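Letters A, B, ... are given to chains in the order of the sequence lines, protein chains preceding strands, and every chain is numbered from 1. None of the values given here were measured: they were computed from a predicted structure.
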Amino acid sequence: MNPEAHGLWSARPFPEATQHRLLFPPSPRLWFRSNPVFPMRWTQTLIPTLKEIPADAEIVSHQLLVRAGLVRKLAGGLYTFLPLGLRSLNKVAQIVREEMNRAGAIEVSMPCLQPPEIWQASGRYETMRDALCKVKDRAHKEWILGPTHEEVITTLVAGELNSYKQFPKNFYQIGIKFRDEIRPRFGLMRAKEFIMKDAYSFDTTDAGAMASYQKMYDAYARIFARSGLKAFAVEADTGVIGGNHSHEFMVPAETGENDVVYCEACGYAANIEKAVSGIPKTASREIGAAIETFATPGVVTIEALSKAPYSVPANRQIKTLVFVADSEPVIILIRGDDQLNETKFMAKTGAIAVRPADAKNPADLAYFTALGAMPGSLGAVQNVPAGWKIYADERLQGANDMTTGANQDGFHIKNVSIERDIKVTAWMDVRTVTAGEPCLKCGMALKIRRAIEVGHVFKLGTKYSVPLNATFLDETGQRLPAVMGCYGIGVTRTLQAVIEQSHDKDGIVWPLTVAPYQVCLTPLSVAAGSPPMVLAEQLYAELTAAGIEVLIDDRDERPGVKFKDSELVGFPLRVGIGEKSLAKGEVEMKPRAGAIQAVKVESAAAAVIEWVRTEHARLNAAA
RNA sequence: CGGGACGUGGCUCAGCCUGGUAGAGCGCUUGGUUUGGGACCAAGAUGUCGCAGGUUCAAAUCCUGUCGUCCCGACCA
């Protein structure tokens with residue numbers, strides 16, 4: 001039987017660059033092909049399934065990773081991949097690799113240990129300081145355990161690419177990243193050590209960089225579709241990576257750590273850190289009345305001021321926030337019924353470290369003393385120390401007849417006309433969009449939902465190529481910095497996202513393309529030479545020859561145990577072989593997500609092959 | 001780092017308040033009966049009660065410290 005004829009093989013049987021230094025040997029399929037006589041049996045591998053939910057697993061995908069025997073925790077945020085988990089991980093990685101290759105990217109492998117000097121050169125030694133894992137060697141020299149590799153690849157390119165003729169290039173790798181996560185969480189979702197595919201494109205022009213970006217964007221869509229994931233792209237903030245154009249690929253899930261704002265009418269979608277809406281500015285009212293201070297004893301919340309006897313609606317109040325931005329106190333003004341979006345604030349001001357001033361912190365207390373009031377009575381109309389920057393949300397532009405704190409405890413000021421009465425340093429959009437606001441593009445009501453970020457594409461520009469000297473000579477002999485992009489996929493996170501999105505009450509429901517084995521043969525009698533076992537071994541040989549990945553559950557367990565475990569692990573197809581159905585000349589095919597169907601023994605292999613082929617084609621057609 | 005919860009056989013937990021012989025279920029071992037949806041019977045093995053101090057005649061239990069784990073917030077693939 002010719003595997004290619006069934007369309008089960010990947011684009012090429014021996015993918016290039018499979019010799020990664022840490023992971024991902026050639027596909028097990030290749031091994032089976034040349035060694036078809038050793039069936040993979042349940043009792044010979046390690047699949048430690050659990051009936052009970054592990055105490056330290058909160059979300060269902062984390063529970064199932066552990067219960068199905070895919071991973072075990074070594075310590076917080078550090079996991080060992082067991083045989084089944086590794087197989088699925090390799091499947092995802094291989095899909096990523098194939099699509100990267102298809103998009104013209106070239107695989108490399110960069111060191112995990114990186115010299116701090118290149119991080120100092122890019123400036124990220126400071127800006128990413130808290131996320132960096134550092135180690136020292138015997139000479140007490142410090143090294144960085146790479147959380148990402150922009151500096152390394154840019155250093156490489158600076159040395160190796162010198163002429164416009166050598167561009168464009170896109171290098172990628174699949175490997176372990178280290179981040180000193182503040183709080184590892186949810187199993188593989190947020191780990192100290194995780195596997196990432198990171199790609200870096202280098203172009204000579206901005207237009208070229210956009211084309212490279214688009215190629216990756218398209219490749220990502222294919223990768224997630226082939227992995228059986230429903231993921232979608234949203235506009236995103238660029239954070240400490242830098243750059244000016246970015247999309248995140250999101251998997252909708254209640255357990256996700258991101259809020260996505262989207263419009264069903266026109267397709268607008270953005271991370272809430274970036275999202276904008278068409279909500280109108282604050283309505284103008286009568287102008288002219290002078291500001292007036294009035295007593296508001298004990299009133300320290302927007303809510304309290306909105307009630308009798310004051311009855312100032314939240315949308316006529318100015319909320320005054322004191323933040324510490326890169327060690328400098330700043331005032332941020334937003335409307336009383338809005339919430340500050342710190343990410344937008346950081347992006348708009350370029351600030352690196354931003355936190356609210358805390359009156360309980362002695363160092364911060366001085367800021368409130370300088371203003372003359374504690375939170376709850378703060379304002380920007382009077383008594384703002386010279387040199388303090390006052391940033392105001394655009395929604396307040398032109399607002400008058402507003403009420404705000406007087407910078408005197410127990411007093412507020414009314415009749416505030418913000419442009420007349422407050423020295424605003426800069427106007428910017430720093431409010432957080434809420435569900436139901438009109439879409440900026442089409443006016444329809446925006447919606448918000450939780451999602452898991454599985455991929456991120458950035459257009460970087462020359463942020464790294466300039467400081468690290470990745471330059472080239474163009475046709476006219478002019479030296480120019482390369483225009484870069486970078487593109488990440490959390491491979492381990494993607495794996496868990498698949499489980500989070502594809503499970504039921506009995507366990508995982510693997511998409512065929514990332515299942516640890518495609519078929520689980522389940523003989524109900526396992527004695528050597530017994531008819532079910534003999535048939536299982538025969539089917540194993542036929543299916544394996546057809547390029548299908550098969551596991552025989554040869555455990556001497558009761559049928560219920562074997563059925564439950566196969567559903568917990570989530571093999572796409574189970575073939576039950578028992579004396580009862582054999583008596584009728586049949587076996588049972590049970591797709592994980594479908595109903596049992598009886599199949600004649602003679603046609604069993606062909607039926608399984610056809611089922612797998614169809615399912616495989618369905619997933620790849622989506623890509 | 002701030003707030004909260006929890007550390008007891010491999011796993012899930014009880015016991016702690018009110019100090020005095022360390023328990024259950026699952027899993028594991030042996031034998032038997034079972035055998036198409038997580039079987040049953042019998043007999044077993046498995047714990048320095050996270051660690052270190054302290055109080056006490058006596059500490060899983062009370063006190064202090066410490067380490068670890070999980071949850072909420074800031075960070076990110």
Side-chain angles (χ1 to χ4, degrees), chain A residues 48-59 62-63 66-67 72-78 96 127-132 147-148 174-199 220 231 236-241 248-251 256-258 271 273 342-343 346 352-356 358 360-361 452-458 486-497 506-507 522-527 532 556-568 574 576-583 587-588 590 596:
Chain A
T49 58
L50 259 32
K51 272 197 237 183
E52 299 192 78
I53 297 172
D56 56 6
E58 186 73 9
I59 67 175
H62 183 194
Q63 295 167 355
V66 178
R67 286 190 57 210
R72 284 293 183 266
K73 182 171 73 178
L74 174 65
L78 300 172
V96 170
T127 58
M128 278 191 78
R129 184 212 314 253
D130 294 341
L132 297 177
T148 174
I174 300 173
I176 294 178
K177 297 283 185 275
F178 300 85
R179 293 204 182 150
D180 189 2
E181 285 293 339
I182 301 166
R183 179 153 81 90
R185 190 170 13 185
F186 302 150
L188 305 176
M189 283 294 183
R190 179 178 296 279
K192 276 183 162 56
E193 183 185 309
F194 60 98
I195 294 166
M196 181 160 106
K197 183 285 301 177
D198 46 327
Y220 276 33
D237 177 64
T238 51
V240 290
I241 304 271
E248 287 165 333
F249 284 77
M250 294 287 194
V251 174
E257 300 184 77
N258 300 269
N271 191 308
E273 296 174 340
E342 284 187 39
T343 307
M346 292 169 77
I352 292 159
V354 170
R355 61 178 175 83
D358 178 5
K360 281 176 284 192
N361 174 339
I452 299 163
E453 179 191 356
V454 288
H456 202 157
V457 292
F458 296 86
C486 75
Y487 318 94
I489 288 180
V491 179
T492 37
R493 181 183 284 180
T494 297
L495 180 71
Q496 187 169 344
D506 295 315
T522 308
L524 299 182
S525 157
V526 297
D556 188 12
E557 288 286 354
R558 297 166 64 85
V561 172
K562 300 173 82 153
F563 293 154
K564 285 288 184 190
D565 268 350
S566 79
E567 279 149 21
L568 175 59
R574 180 180 72 219
I577 307 167
E579 305 278 7
K580 279 190 190 172
S581 44
L582 276 188
V587 297
E588 285 172 356
K590 168 71 174 75
I596 290 182

Shortest side-chain distance from A/Arg185, nucleotide among B/G37, B/C71, B/A77: B/C71
Heavy-atom pair with the smallest gap, counting every atom of A/Leu188 and A/Gln496: N-OE1, 2.8 Å
Rounded interatomic separation in angstrom, taking CD from A/Glu273 and C1' from B/G73: 14 Å
Residue that, paired with A/Lys177, satisfies side chain to side chain contact (heavy atoms under 4.5 Å, CB included) out of A/Asp198, A/Val491, A/Thr492, A/Ile195: A/Asp198
Sugar-phosphate only, base, or nothing, as touched by A/Asn258 at under 4.0 Å among non-hydrogen atoms: base
Sequence-aligned protein contact record of nucleotides 6-12 of chain B, with B where the base is within under 4.0 Å of a protein heavy atom and S where only the sugar-phosphate is: -----BS
N/O (side chain, A/Arg183) to phosphate O (OP1/OP2, B/C71) under 4.0 Å: yes
Got a list of protein N/O to nucleotides 39-47 of chain B N/O distances below 3.5 Å?
residue	atom	partner	partner atom	Å
B/A39	OP2	A/Arg558	NE	3.3

Selected nucleotide, minimal atom distance to A/Phe186 side chain, candidates B/A77, B/G37, B/C72: B/C72
Length of the CG-C1' vector between A/Asp237 and B/C75, whole Å: 12 Å
Selected nucleotide, minimal atom distance to A/Ile182 side chain, candidates B/C76, B/C1, B/G38: B/C1
Side chain of A/Glu453 (C-beta onward), nearest among B/C76, B/C72, B/G37: B/C76
